[in-house]
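Here the structure comes first, spelled out in structure tokens, and everything after it is commentary.
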Amino acid sequence: MATREERSTDAAAESDPAADGDGADPVADAPDSSETETDRRGVGAAEPAPVGPTADVPAVAVSGLSKRFGSGPDAVTAVDDVSVEIEAGSVVGLLGPNGAGKTTLIKSILGMVLPDEGSVRLHGIDVREEPRAAYAHVDAMLEGARNDYWRLTVRENLRYFAAVGGVDPDSVAERHDRLLDRFGLESKVDTPVRNLSRGMKQKVSLASVLAGGADVVFLDEPTLGLDVESSRTLRAELRRIAEERGLTVVVSSHDMDVVEAVCDRVLILADGRIVADDSVEALLADNGRHSLLIASRDLSPAVVADLRRDFEVAGVDDGGGRTRIEVAADSDDVYALMRRLREHGVTLDGLDTIEPDLEDVFVDLTRDREGSR
């Protein structure tokens with residue numbers, strides 16, 4: 001279920017005349033001097049930060065952040081006392097079930113939602129005290145948001161948002177060409193974005209964010225609408241750019257393969273709180289779930305029933321003239337399981353190990369959280 005904040009954001013977008021199928025026109029709809037790029041795209045600023053990022057200062061530092069919607073017994077706590085630091089140059093995944101608070105947390109960091117408590121610093125700059133200086137470091141692509149000007153061509157969008165970020169577009173022309181090539185947009189450079197498919201629009205939004213001068217980027221569901229090959233390209237580009245430019249990337253996604261492939265670290269939210277914060281490798285190692293997939297023609301119903309009494313049998317498949325069972329087992333269980341199969345005279349036709357993946361970890365952590373309510 002969408003939070004109140006998400007519903008109000010959607011309603012505001014529907015009531016915005018510039019959010020129709022034509023997108024916005026940066027000439028006809030040019031912002032006046034009182035309207036910052038934050039109002040137009042969600043983040044960004046009209047002037048560069050006075051100081052550059054330093055290695056000993058976190059790119060993002062959130063302390064005691066809380067956000068509630070409504071009041072009294074109907075109040076909804078979307079983010080509950082979250083504190084986290086993200087190192088410069090790292091790629092961090094932000095995961096959580098629907099309603100966990102991911103969107104509200106991101107928008108609170110970006111200044112699109114005013115938190116009730118807590119503070120946010122971007123490269124050491126407090127966003128409340130110096131919003132322009134802080135947000136000069138940041139760009140974002142938000143799911144469902146109007147991230148580009150649809151009346152501009154693909155190349156014009158890249159140049160425009162580079163300029164908005166304080167970067168001379170000519171100085172990063174090679175970077176733009178490389179991104180256009182990597183995302184398969186080179187044949188569309190002179191095409192207005194409004195004439196592109198949904199997947200192509202998504203690629204333009206990604207390229208526009210990565211082509212600018214920001215050193216912290218937030219990507220909300222970046223693979224939405226992308227085909228398999230484009231998704232693979234995105235993974236490679238994120239890693240390359242993060243390593244070459246020291247770019248800090250926060251990826252919020254339900255695509256576990258993308259998060260597992262590109263992220264140095266994963267934050268998992270449930271009920272507005274961080275329930276896990278570690279590297280993918282450490283989360284997988286701590287999960288402790290390992291399974292054996294056993295195939296044999298000797299696995300009769302009686303044998304399977306006996307195994308169920310002492311082992312966690314996750315699944316049974318009787319197809320193809322032999323039975324396959326999946327048994328959850330740690331090291332001690334494996335030895336006990338082999339002894340039991342030998343006692344039943346079972347000859348193995350196949351034996352495979354099934355290792356847990358990030359989706360298994362995610363489900364276990366968030367399911368345990370739901371069960372504790």
Side-chain angles (χ1 to χ4, degrees), residues 9-10 12-31 35-46 110 112 138-214 217-234 237-238 241 249 251-253 255 258:
T9 299
D10 292 342
E14 290 174 0
S15 65
D16 180 4
D20 61 16
D22 289 341
D25 187 332
V27 177
D29 303 323
E35 184 178 34
T36 68
E37 185 57 25
T38 300
D39 302 312
R40 306 289 281 175
R41 200 175 186 196
V43 294
L110 298 178
M112 302 174 69
V138 182
D139 205 344
M141 188 189 77
L142 302 180
E143 180 190 3
R146 178 166 49 89
N147 292 288
D148 292 300
Y149 287 110
W150 285 10
R151 294 180 185 177
L152 291 182
T153 68
V154 172
R155 188 183 296 280
E156 286 170 344
N157 265 284
L158 268 62
R159 291 179 61 83
Y160 175 76
F161 286 112
V164 165
V167 176
D168 177 4
D170 292 333
S171 70
V172 289
E174 290 185 6
R175 179 193 301 173
H176 292 183
D177 288 339
R178 184 166 56 245
L179 284 168
L180 291 169
D181 177 65
R182 295 288 179 87
F183 284 116
L185 293 167
E186 65 278 1
S187 64
K188 304 291 185 180
V189 293
D190 297 320
T191 302
V193 172
R194 64 191 294 182
N195 295 333
L196 299 177
S197 65
R198 178 185 179 184
M200 284 289 186
K201 289 187 176 86
Q202 184 82 341
K203 292 180 183 181
V204 176
S205 295
L206 285 164
S208 295
V209 171
L210 298 175
V217 299
F218 287 79
L219 304 178
D220 191 10
E221 297 295 350
T223 58
L224 191 66
L226 298 184
D227 56 31
V228 173
E229 188 60 35
S230 297
S231 180
R232 288 177 178 173
T233 299
L234 171 63
E237 271 307 284
L238 285 180
I241 292 174
V249 184
V251 181
S252 176
S253 179
D255 190 334
V258 170

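All residue numbers refer to positions in the sequence shown, counting from 1. Note: hydrogens, waters and symmetry copies are ignored here, and every other heavy atom, side chains too, is used. Keep in mind that this is a model prediction, so the values were computed, not measured.
In plain terms, the two heavy atoms of F183 and K203 that are nearest each other are O-CD, 3.1 Å. Of all heavy-atom pairs spanning V189 and E186, the tightest one is CG1-O, 3.5 Å. Of all heavy-atom pairs between A211 and L158, the closest is CB-CG, 4.0 Å. In this structure, S208 and D139 approach most closely via the heavy-atom pair O-OD2, 4.4 Å. Nearest heavy atoms, S253 versus P222: CB-CD, 4.4 Å. Summarising the geometry of E237 relative to L179, their closest heavy-atom pair is OE1-CD2, 3.4 Å, with the distance given to 0.1 Å.
For the pair R159/V172, no side-chain contact is recorded, criterion being any heavy-atom separation below 4.5 Å from C-beta on. Considering only heavy atoms from C-beta on, L185 stays 4.5 Å or farther from T191 through its side chain. V249 places none of its side-chain heavy atoms less than 4.5 Å from the side chain of I241.
Interatomic distance, OG of S252 versus CG of D220, reported as 4.5 Å (0.5 Å rounding). Going from atom CD of E221 over to atom OG1 of T223 covers 6.5 Å, rounded to the nearest 0.5 Å. The distance from atom CG of L206 to atom CE of M141, rounded to the nearest 0.5 Å, is 4.0 Å. Interatomic distance, OG1 of T153 versus CG of D190, reported as 6.0 Å (0.5 Å rounding).
Counted within 6.0 Å of NZ on K188, heavy atoms from surrounding residues, nucleotides or ligands total 12 or fewer; the atom is thus considered open.
Between Y160 and Y149, the ring planes are perpendicular. Angles over 60° get that label, and only those under 30° would be called parallel.
Comment: R155 engages D177 in a salt bridge, judged by a side-chain N to carboxylate O separation of less than 4.0 angstrom.
Not a single donor-acceptor pair under 3.5 Å links the side chain of R182 to the backbone N or O of L234. Here the side chain of S197 pairs a donor or acceptor atom with the backbone of M200 at under 3.5 angstrom. In this structure a side-chain-to-backbone donor-acceptor pair under 3.5 Å is present from N147 to L142. In terms of modelled atom types and a separation under 3.5 Å, the side chain of Q202 and the main chain of L224 share a donor-acceptor contact.
A donor-acceptor contact closer than 3.5 angstrom links the side chains of S205 and D148.
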